[in-house]
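Worksheet for the structure shown next.
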Amino acid sequence: MAAEDKLVQDFLIYKIGSLCAISGVIWIFRDTIRYHTFQRFFAWIMNKITFRLNRGLKKYKTKVFQFVHEYQESVNKDLRILEVGAGTAANLAFLPSNTKLVCLDPNPHFVSYIKKNLKQHDTVISAEILHGYAEDMPLENDSFDVVVCTLVMCSVKDMEMSLQEIKRVLKKGGLYVFLEHVGAEKNTWRWISQCIMNPFHWTFGDGCEVKRETEKVIKEAGFSHVYMEKFYPKAMPFWCKPCILGSATK
Ligand SMILES: C[S@@+](CC[C@H](N)C(=O)[O-])C[C@H]1O[C@@H](n2cnc3c(N)ncnc32)[C@H](O)[C@@H]1O
């Protein structure tokens, strides 16, 4: 082999070898890297945008929590409420007074924001912050009056499993209330924009997907009564619409 060819060969082996080694290290430490980068960034950004998002969605969130207030009036007692994918505990202002709240979220970077927000609201009489996933909740059967999920089904790994878990932890007759952005009708401009934006959302939105058929999955989850309405809020980007809100009874 000519000296030049040997040089090229050595160079390629060195380059490819280094690339493989770097990729291997990234793969092995992928969860740690995600924890310190994307998850930390996502919690920080959610804390920055929650106030504005809540202002834009106020009309719709008020409607969602109207179901909870009506439920409380019908059972006439303080409610034990689980907020799945609580984020910064964005819904504290909408809760009925004297709520016993449990916030569940897999991203530990939200804890400090939740604690800070809890200090600023007086709707809650007791609060617990738990680390966990909607698909496998570290909670007892039949232990909550209400489960709240806002903008969460887009991010869970398994919607069917998450909904079965929500049903499991709800008391009989208990209420699941939701507000979600969902996939648009196929082959429309909005759906095409969702197909384009989906990888970016997934990467920078901590696993959020914009074209899920969430309505169908909620309707088929086996709740005794499901109410759902679709809307197009100005506060959400073009590709994060339509949204749905509603309630379902165990
Ligand atoms: C867009 S944020 C919404 C936060 C909050 N519910 C709100 O309305 O502002 C999505 C939340 O879902 C959480 N999440 C992601 N995957 C989850 C899972 N498998 N189980 C429960 N929560 C999850 C994220 O950590 C994040 O807090």
Side-chain angles (χ1 to χ4, degrees), residues 31 34-65 68 81-95 101-118 121 127-139 144 146-169 176-182 197-198 200-210 212 214 217 233 235-237 239-241 243-246:
D31 286 341
R34 198 170 151 256
Y35 173 81
H36 287 293
T37 55
F38 291 111
Q39 286 198 311
R40 188 183 291 275
F41 170 73
F42 185 64
W44 178 80
I45 204 86
M46 279 310 295
N47 186 52
K48 290 271 171 225
I49 66 169
T50 293
F51 180 75
R52 276 181 64 191
L53 197 58
N54 266 355
R55 202 171 48 192
L57 293 176
K58 189 173 177 194
K59 184 168 104 187
Y60 307 102
K61 283 206 171 181
T62 305
K63 201 161 188 180
V64 169
F65 283 89
V68 181
I81 298 182
L82 168 66
E83 170 121 29
V84 178
T88 59
N91 296 316
L92 290 174
F94 299 92
L95 293 173
L101 181 69
V102 175
C103 294
L104 180 90
D105 203 285
N107 184 344
H109 299 295
F110 279 118
V111 173
S112 57
Y113 300 122
I114 296 178
K115 285 184 177 163
K116 195 174 124 221
N117 280 338
L118 280 167
H121 291 87
E128 204 181 328
I129 305 169
L130 291 181
H131 177 263
Y133 293 83
E135 295 87 340
D136 183 18
M137 301 193 212
L139 295 161
F144 289 90
V146 174
V147 175
V148 174
C149 256
T150 59
L151 309 175
V152 175
M153 283 299 146
C154 51
S155 301
V156 300
K157 289 214 166 50
D158 189 321
M159 285 198 285
E160 283 88 353
M161 262 173 89
S162 303
L163 287 160
Q164 291 317 308
E165 277 291 271
I166 289 173
K167 258 174 46 195
R168 180 183 68 75
V169 301
Y176 159 51
V177 294
F178 52 88
L179 187 156
E180 303 287 351
H181 62 85
V182 300
M197 293 307 288
N198 210 39
F200 297 100
H201 251 258
W202 188 86
T203 307
F204 299 106
D206 198 24
C208 166
E209 293 192 290
V210 290
R212 291 196 174 176
T214 313
V217 183
M236 299 291 272
W239 59 91
C240 289
K241 289 183 255 199
C243 292
I244 53 165
L245 67 81

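Just so you know, these numbers come straight off a predicted model, no measurement behind them. Along the sequence shown, the residues carry numbers beginning at 1. Note that ligands are numbered from 1 as they come in the structure, with each ligand's atoms numbered from 1 the same way.
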Determine yes or no for a side-chain-to-main-chain donor-acceptor pair under 3.5 angstrom, with [X] supplying the side chain and [Y] the backbone.
| X | Y | answer |
| --- | --- | --- |
| Asn91 | Phe94 | no |
| His181 | Cys243 | no |
| Asp105 | Ala86 | yes |
| Glu83 | Val147 | no |
| Arg40 | His109 | no |

Closest protein heavy atom to [atom], given as residue, atom name and distance to 0.1 Å:
| atom | value |
| --- | --- |
| atom 15 (C) of ligand 1 | Ser155 CB, 3.5 Å |
| atom 19 (N) of ligand 1 | Glu135 OE1, 2.9 Å |
| atom 13 (C) of ligand 1 | Asp105 OD2, 3.6 Å |
| atom 9 (O) of ligand 1 | Ala90 CB, 3.4 Å |
| atom 8 (O) of ligand 1 | Thr150 OG1, 2.6 Å |
| atom 12 (O) of ligand 1 | Gly85 CA, 3.8 Å |
| atom 10 (C) of ligand 1 | Leu151 O, 3.3 Å |
| atom 21 (C) of ligand 1 | Ala134 N, 3.4 Å |

Within a distance under 4.0 Å of any heavy atom of [X], pick out the atoms of ligand 1 and give their elements.
| X | answer |
| --- | --- |
| Asn107 | 25 (O) |
| Gly87 | 4 (C), 27 (O) |
| Phe110 | 25 (O), 26 (C), 27 (O) |
| Met46 | 1 (C), 2 (S), 9 (O) |

### Query
Which of parallel (below 30°), tilted (30 to 60°) and perpendicular (above 60°) describes Phe42 and Phe110?
perpendicular
### Task
Please work out which of the three classes, parallel, tilted or perpendicular, describes the rings of Tyr176 and Phe178, given edges at 30° and 60°.
tilted
### Task
Could you establish whether Pro106 and ligand 1 come within less than 4.0 Å of each other, counting only heavy atoms on the residue side?
yes
#### Entry: Contact with ligand 1 for Lys61, non-hydrogen, under 4.0 angstrom
yes
### Query
Got Leu245 and Lys61 here, is their nearest side-chain heavy-atom distance under 4.5 Å?
no
### Message
Using the rule given for side chain to side chain contact (heavy atoms under 4.5 Å, CB included), can you reason through Met236 versus Leu53, listing the C-alpha separation, both sets of side-chain angles and the distance that settles it, and then say yes or no?
### Response
CA-CA 8 Å; Met236 299 291 272; Leu53 197 58; 3.9 Å; yes
### Query
So how far is it from Thr150 OG1 to Asn54 CG, rounded to the nearest 0.5 Å?
7.5 Å
### Task
Check Cys149 against ligand 1 and report side chain, backbone, both or neither, counting heavy atoms closer than 4.0 Å.
neither
